[in-house]
Amino acid sequence: METRLPAPSVVVLIGPSGSGKTTWAAANFQSTEIVSSDELRSRVGIDESDQRASTAAFELLDRIVTERMSRGLTTVVDTLGYDSESRRHWVQLAHDNGIPIYAMAFPTPLKECLRRNSTRKRPLPIAVIKKQASRFQEVFDTLGDEGFDGIHSEAPVRLVVPQMTAEDSQQPASPPEGHSFGLLLSRFNWGKENNLDEDLKSIAIRAEAAGFRDIWLMDHFRQIPQVGQPWEDIPEVYTALSFMAAHTSNIRLGALVSSATHRHPAVLGQMIATLDVLSGGRANCGIGIGWDQKEHIGYGIEFPDVATRYDVLEDTLQILPLLWGKGSPAFEGKVFTASDLTCYPRPVQEKVPILIGGSGEKRTLSLVARYGDAANLFGKPPVVAHKVDVLRRHCVEMERDPDEVEIGHLVTAMVAPDDATLRSHIGQLRARSQSVEQYAATNSAGLAVDLAELFRSYQDAGTSHSVVALPNVHLEGSIEAFAEVVAAFGGSAGSSRKPL
């Protein structure tokens, strides 16, 4: 059975010569992650069998291991592993740096160790192998008292982002069903020029086929600093959504989220109604108070104080259903006044779902409870769980059934069909100063089985929908690999049409 360890980790190999430690390490880790006493002995001596170079080799090994731990890098210590003082030193060093450390034992039969030793160019004396093998059980029995975070016997290992690791380090159980997924496109610098139309078309078709329920674009007039540079392409949201609607038939479409300060509510309402008509009833309305002051100032758009922006949002939340409904009602709110709220064409949907972005506990979640069909929360699962509890309390106070509000969250995640592809994608996207593990942790990168564990934790926190930003969305197989995650939660291609 595969053993799942959090990344980064330190793994100390324990076993006699010929037990297979070096072969196992090469099969499960990158060469740059392995620190081998034999290899270092060959660097500072004649070759790896030069025992006179052992002292210098181990001094160098300890320096390398210490430096790697201080930088938070996965490290495999490939030595005999029999020296208890060295093991305790590595355990303490790992814990001082906040890195879990594991012992990997190799209880290989003596006969097999001798056979492997005989195939070496310079075999060790048989007496040496026999002595090492005879001590193995004695060494193994002491490991439990040395502070290792786990002790394993030789088995395939895969490193995963810590939040995707089950507590028992084994394969997670099958996730519960009933969790849906959306895809957020936030960055469009995909290394191509003048291919935005083909790229958006391709991604929309592939996302629908993969079973994503909805696709979302940011509503900004220039790229935001958290995502990229201001001169990068970022298409006008409702034009782009309408374009993607023309090339799909089931997937829902929306902005995550439109700032209520960007447009008059009547303009926003007309745009969303038109998207709904052109898509055959697949529009979502995502809206929030807005936050990008520099963007507003740069384009000469008024950016009121927080309290006023909340008033603008609340007026908009009241105006939109009136605009999309029957008749031509008047409206008088805190900011806006209208005598004739008329919208033609009207939306195809009887009720366009409204998602309210943000996690502010006092005002935002109160507005979600009063006006929203869905929330879009931020943070790790424990934070989201707290926000869910706050939202539910707001609903109860307003005598609304909390289950009427879909609770979603936004997360960056990367998935690939296999470890080699995952490392290849990370290699193309990570900064030079960022390790694979650091990038994986920041972007929740893993295989489908790992992502299922992550989304299980969000579902346990009270969410039923995840909007995912895939950093590798433009790379071959990325969206298709996510289809495995969708399927794990009971979704499938063609199931994306259901509303919020």
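Quick note: numbers below take in every heavy atom, side chains included, and nothing from hydrogens, waters or symmetry partners.
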Please confirm whether the backbone N or O of [Y] pairs with a side-chain atom of [X], one donor and one acceptor, at under 3.5 Å?
X: Asp276; Y: Val352; result: no
X: Thr316; Y: Val312; result: yes
X: Arg252; Y: Ile215; result: no
X: Gln459; Y: Ser464; result: no
X: Gln229; Y: Glu232; result: no

message: Please tell me whether Phe188 and His474 form a close aromatic pair, meaning their ring centres lie under 6.0 Å apart.
response: no
message: Is the distance between the ring centroids of His95 and Trp90 under 6.0 Å?
response: no
message: For Glu361, run the salt bridge (charged side-chain N to carboxylate O under 4.0 Å, His left out) check against Lys387, Arg393, Arg392 and tell me which one passes.
response: Lys387
- request: Flag yes if more than 12 heavy atoms outside Glu404 fall under 6.0 Å of its CD atom; otherwise flag no.
  value: yes
field: Geometric class of the Tyr458/His409 ring pair [parallel <30°, tilted 30-60°, perpendicular >60°]
entry: parallel
- prompt: Parallel, tilted or perpendicular: which describes the rings of Phe489 and Phe181, with under 30° parallel and over 60° perpendicular?
  reply: perpendicular
Carboxylate-amine/guanidinium contact Lys334 Glu314, below 4.0 Å: yes
message: Using the rule given for side-chain hydrogen bond (donor to acceptor under 3.5 Å, both in side chains), can you reason through Glu295 versus His220, listing the C-alpha separation, both sets of side-chain angles and the distance that settles it, and then say yes or no?
response: CA-CA 8 Å; Glu295 180 182 49; His220 286 279; 3.0 Å; yes
